[in-house]
There are 2 protein chains.
Amino acid sequence: MQDWIERFEGLKRLDERLKRKLTQQSRIITLKKGSVVFGPGASPENLLLLLDGTVRVQQHSEGGREIVLYRVQAGESCVLTTAALLAYDDHSAEGIAETDVRAAAIPRMVFDELIATSPEFREFVFKSYSRRITDLFFVIDELAFRRVDIRLAQKLLDLQDKAGVVRATHQQLAAELGTAREVISRQLQEFQRRGWVKLSRGEVKIEDEDALRDLVVVV
Amino acid sequence: MQDWIERFEGLKRLDERLKRKLTQQSRIITLKKGSVVFGPGASPENLLLLLDGTVRVQQHSEGGREIVLYRVQAGESCVLTTAALLAYDDHSAEGIAETDVRAAAIPRMVFDELIATSPEFREFVFKSYSRRITDLFFVIDELAFRRVDIRLAQKLLDLQDKAGVVRATHQQLAAELGTAREVISRQLQEFQRRGWVKLSRGEVKIEDEDALRDLVVVV
DNA sequence: GGCGCGTCGGTGAGAATGTCACAAAACCCG
DNA sequence: CGGGTTTTGTGACATTCTCACCGACGCGCC
C-alpha cells in the first residue's frame with residue numbers, strides 16, 4: 001500500500017528519501033461516489049493525488065445550469081483545486097467524486113517542502129497545472145466555436161463504455177456541454193432518426209460509431 | 001531602474017539578497033504595440049513580469065473567429081504562458097502587446113532557483129496562477145450562461161476611457177466576446193436606438209452609463 | 001477634385017440554439 | 001395497482017449564428 005507513488009508518472013523519479021517522506025506524511029483518504037471533494041466554502045487543506053476513481057469538476061450558473069470543466073483521473077492531481085479556490089470561493093466551482101475515490105492527501109507543509117527541495121516534484125506540479133489549463137482552453141474553444149451536435153457526438157464517443165453504451169440522462173449530457181436539456185433531447189432524436197444511436201431511459205446506445213466520428217471530424 | 005520589483009505586490013517581501021539577484025539576472029525588454037509576445041511555435045524561454053503596458057491573450061478558431069481570454073496588466077506576470085504552452089502549442093493561443101510594453105524577463109534557471117529558495121516567491125507564482133485560472137473560469141461562465149447583450153454592455157463599461165469612449169471596431173468587440181461581428185453590430189444599434197450609446201466609425205461613445213450598468217446587473 | 005481600393009458597418013433570410021410552459025412516458029415504491 | 005418522482009417529448013417563441021451581399025467611409029494617388 002506504500003507504493004502508490006509509482007503510479008504517478010511524474011513522481012517516479014523522486015529520490016528514495018523524498019518518496020519515504022511523502023508516503024509517511026500523507027494520509028490515504030476515501031470518498032464515496034457522489035460526495036463533494038471541494039466546493040464553495042469547502043476549499044481543501046491538502047493537495048490530493050487520485051489513486052482510484054475520478055473526480056468531476058464543474059461550474060454552476062445562477063439559472064441552475066452547469067458545465068463540466070474537466071475530470072481528474074487516477075494518477076493525476078487536483079492542483080488547480082488548491083490554487084484556484086484561493087481567489088475563487090465566491091463562485092461556484094465544485095469537485096464531485098464520480099465514483100468511489102481513493103486519494104493521497106499531501107499536507108500543505110509537506111507540499112511546500114517538496115516544492116522547495118525537489119526539481120522533479122516541481123516539474124510534476126507545473127505539468128499538472130499545464131494539463132488542467134489546457135483542458136480549460138479546450139472548453140473555451142468548444143463553447144465559443146463548435147456546434148452542439150458535433151460536441152455531443154464527441155462527448156458520446158468519450159463517455160461510452162466497452163459495449164458502446166453511455167449511461168447518462170439528457171440532463172447530465174446537457175451539463176457536460178453547458179447547454180440546455182431540450183437541445184440535447186432534440187439532437188439525440190435526430191441522431192436516432194439517422195440510426196446512429198438508440199435511446200432508452202437513462203442511456204444512449206451507440207449504433208454507428210463511424211458516423212459519429214465522421215460528424216466530429218468533417219465539419 | 002532597478003526598483004521595478006517594488007511594483008509587484010507579491011515580490012516586495014523578498015529579502016534583499018534575492019531582490020538583488022532578480023534585478024541582476026533578468027533583462028528588461030521592450031516590445032512594440034502589436035507585437036506577438038508568444039504564440040503558436042513561439043513559446044517564451046522566460047517568465048515575463050510586465051512593467052508597463054498590457055498584453056492581451058486570445059485564442060483563434062479555424063473559422064477565423066477569436067476570443068480574448070484575459071489581459072495581463074503592468075504589475076502582473078505571464079505565468080500561464082510559460083506553463084500552458086508546454087502542452088498546448090498545437091492550438092492557437094497567443095499573446096499580443098496591446099500597447100508598447102516593458103517587461104522584466106526572468107530566465108528559467110533563476111525562476112527555478114527562486115521557487116526553490118523563497119516561500120514568498122512561491123506564493124507570488126501560485127497567486128498569479130490562481131488569478132489567471134479565475135479569469136478562465138469567468139470566461140467559461142460568461143460564454144456558457146450569459147446573454148450577449150449583457151456581456152457587451154459589461155465589456156463597453158470595462159473598455160471605456162475617461163471620456164466614456166470605447167475605441168474599437170465591431171469586429172474587435174466581437175473578438176472580445178467570442179461572437180460574430182453582425183451580432184455586435186445589431187446589439188450596438190439597439191443600444192443606440194435606446195439612447196445608451198452613440199456610434200461612429202471605430203468608436204462607441206457611452207451616453208447612458210447607468211442604463212448599461214442596469215442591464216448588466218438586473219437580468 | 002475624382003477615382004480606386006480596402007476597411008468598416010448594415011441588412012435580410014434562414015439555420016442553430018436557448019427558453020418557457022406543459023404533457024406524456026417510464027420508473028419506483030408501498 | 002395507485003400515486004409520486006424522474007425522465008423525456010413538444011410547441012411556440014426569443015436569441016444567436018451564418019452566409020451573402022451592399023453601401024458608406026477613409027485614404028492615397030493621379
Side-chain angles (χ1 to χ4, degrees), chain A residues 34 60-67 139-156 165-194 197-205 215-216 218-219, chain B residues 34 60-67 139-156 165-194 197-205 215-216 218-219:
Chain A
H60 291 273
S61 78
E62 315 74 38
R65 270 173 53 191
E66 31 178 84
I67 180 168
V139 170
I140 290 174
D141 200 89
E142 297 267 299
L143 269 177
F145 305 131
R146 284 226 147 64
R147 292 202 339 234
V148 171
D149 54 351
I150 296 172
R151 295 204 286 140
L152 176 57
Q154 180 68 65
K155 210 38 130 175
L156 291 174
V165 174
V166 179
R167 302 210 126 275
T169 65
H170 298 183
Q171 181 61 63
Q172 287 165 340
L173 290 171
E176 291 284 340
L177 303 180
T179 181
R181 197 258 312 159
E182 297 91 320
V183 175
I184 297 297
S185 290
R186 283 168 182 142
Q187 289 293 351
L188 284 175
Q189 285 175 62
E190 176 61 19
F191 287 178
Q192 185 173 43
R193 203 189 56 71
R194 297 189 198 172
V197 302
K198 190 137 166 308
L199 302 178
S200 44
R201 191 186 170 94
E203 72 174 47
V204 181
K205 169 107 176 59
L215 179 61
V216 172
V218 176
V219 179
Chain B
H60 291 272
S61 78
E62 316 73 39
R65 269 174 52 191
E66 33 180 81
I67 179 168
V139 170
I140 291 175
D141 200 90
E142 297 268 297
L143 269 177
F145 306 131
R146 286 225 147 64
R147 294 210 330 241
V148 172
D149 53 352
I150 297 171
R151 297 205 285 140
L152 176 57
Q154 179 69 65
K155 211 35 129 177
L156 292 175
V165 174
V166 179
R167 302 210 126 276
T169 65
H170 298 184
Q171 182 61 62
Q172 287 165 340
L173 290 170
E176 291 283 340
L177 302 180
T179 182
R181 197 257 313 159
E182 298 90 321
V183 175
I184 297 297
S185 289
R186 284 169 182 142
Q187 289 293 351
L188 284 175
Q189 283 175 63
E190 177 60 18
F191 287 178
Q192 185 173 44
R193 204 190 55 72
R194 297 189 197 170
V197 302
K198 189 137 168 307
L199 302 177
S200 46
R201 192 183 172 95
E203 73 174 46
V204 181
K205 170 107 177 57
L215 179 61
V216 172
V218 176
V219 180

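The shown structure was predicted, so the numbers you read here are calculated from the model rather than taken from an experiment. Below, chains carry the letters A, B, ... as their sequence lines are ordered, and counting in each starts from 1.
- Remark: A:Arg65 is in phosphate contact with C:dT19, judged by side-chain N or O atoms under 4.0 Å from OP1 or OP2.
- Following rounding to the nearest Å, A:Arg147 (CZ) and D:dC19 (C1') show an atom-to-atom distance of 14 Å.
- Checked by distance alone, B:Glu182 brings a side-chain donor or acceptor within 3.5 Å of a matching partner on the base of D:dC19.
- Remark on DNA chain D: of its neighbouring residues A:Phe145 and A:Gln192, the 5'-side contact belongs to A:Gln192, judged by nearest-heavy-atom nucleotide.
- Residue A:Gln189 is in sugar-phosphate contact alone, with no base atom involved, counting any heavy-atom pair closer than 4.0 Å across all strands shown.
- If you take CD1 of B:Ile67 and C1' of D:dC17, they are 15 Å apart, rounded to a whole angstrom.
- Formation of a donor-acceptor pair under 3.5 Å by the B:Arg65 side chain with backbone atoms of A:Ala144 is found in this model.
- The side chain of B:Ser185 approaches C:dG9 more closely than any other nucleotide in the set D:dT7, C:dG9, D:dT16.
- Evaluation of atom-type donor-acceptor distances gives no pair under 3.5 Å for the side chain of B:Arg186 against the base of C:dG9.
- A 4.5 Å side-chain heavy-atom check between A:Val139 and B:Leu143 finds every atom pair outside the cut-off.
- Residue B:Leu199 contributes atom CG, which lies 11 Å from atom C1' of C:dG10 at whole-angstrom precision.
- For B:Leu173 and C:dC8, the CG to P distance is 12 Å, given to the nearest whole Å.
- With B:Glu203 contributing its side chain and B:Ser200 its backbone, the two residues share no donor-acceptor pair below 3.5 Å.
- Along DNA chain C, the nucleotide nearest to A:Gly178 and the one nearest to A:Arg201 differ in position, and the one closer to the 5' end is contacted by A:Gly178.
- Separating the CZ atom of A:Arg167 from the C1' atom of C:dC27 is a distance of 13 Å, rounded to the nearest angstrom.
- A:Thr179 has a side-chain polar atom (N or O) that falls below the 4.0 Å cut-off from OP1 or OP2 of C:dG18.
- Note on A:Gln187: only backbone sugar-phosphate atoms sit closer than 4.0 angstrom, heavy atoms only; bases stay farther off.
- An OP1 or OP2 oxygen of D:dT7 is reached within less than 4.0 angstrom by no side-chain nitrogen or oxygen of A:Gln172.
- Here the options are A:Gln192, A:Arg194, A:Arg186, the test is side-chain hydrogen bond (donor to acceptor under 3.5 Å, both in side chains), and the partner is A:Glu190; only A:Arg194 passes.
- The residue A:Arg151 sits apart from the nucleic acid: no heavy atom pair falls under 4.0 Å.
- Using a 4.5 Å heavy-atom cutoff, the side chains of A:Val197 and A:Val166 are not in contact.
- Proximity of B:Ile67 to A:Phe145: side-chain heavy atoms (C-beta onward) are separated by under 4.5 Å at one or more points.
- For the pair A:Leu177 CG and C:dG18 P, the computed distance is 10 Å after rounding to whole Å.
- A:Glu190 places its CD atom 11 Å from the P atom of C:dT17, with the value rounded to the nearest Å.
- Place A:Ala144 and A:Arg181 on DNA chain D by their nearest nucleotides, and A:Arg181 ends up nearer the 5' end.
- The nearest whole Å value for the distance from the CG atom in A:Asp149 to the P atom in C:dA15 is 15 Å.
- Between A:His170 and the phosphate of D:dG9, there is a side-chain N or O to OP1/OP2 separation shorter than 4.0 Å.
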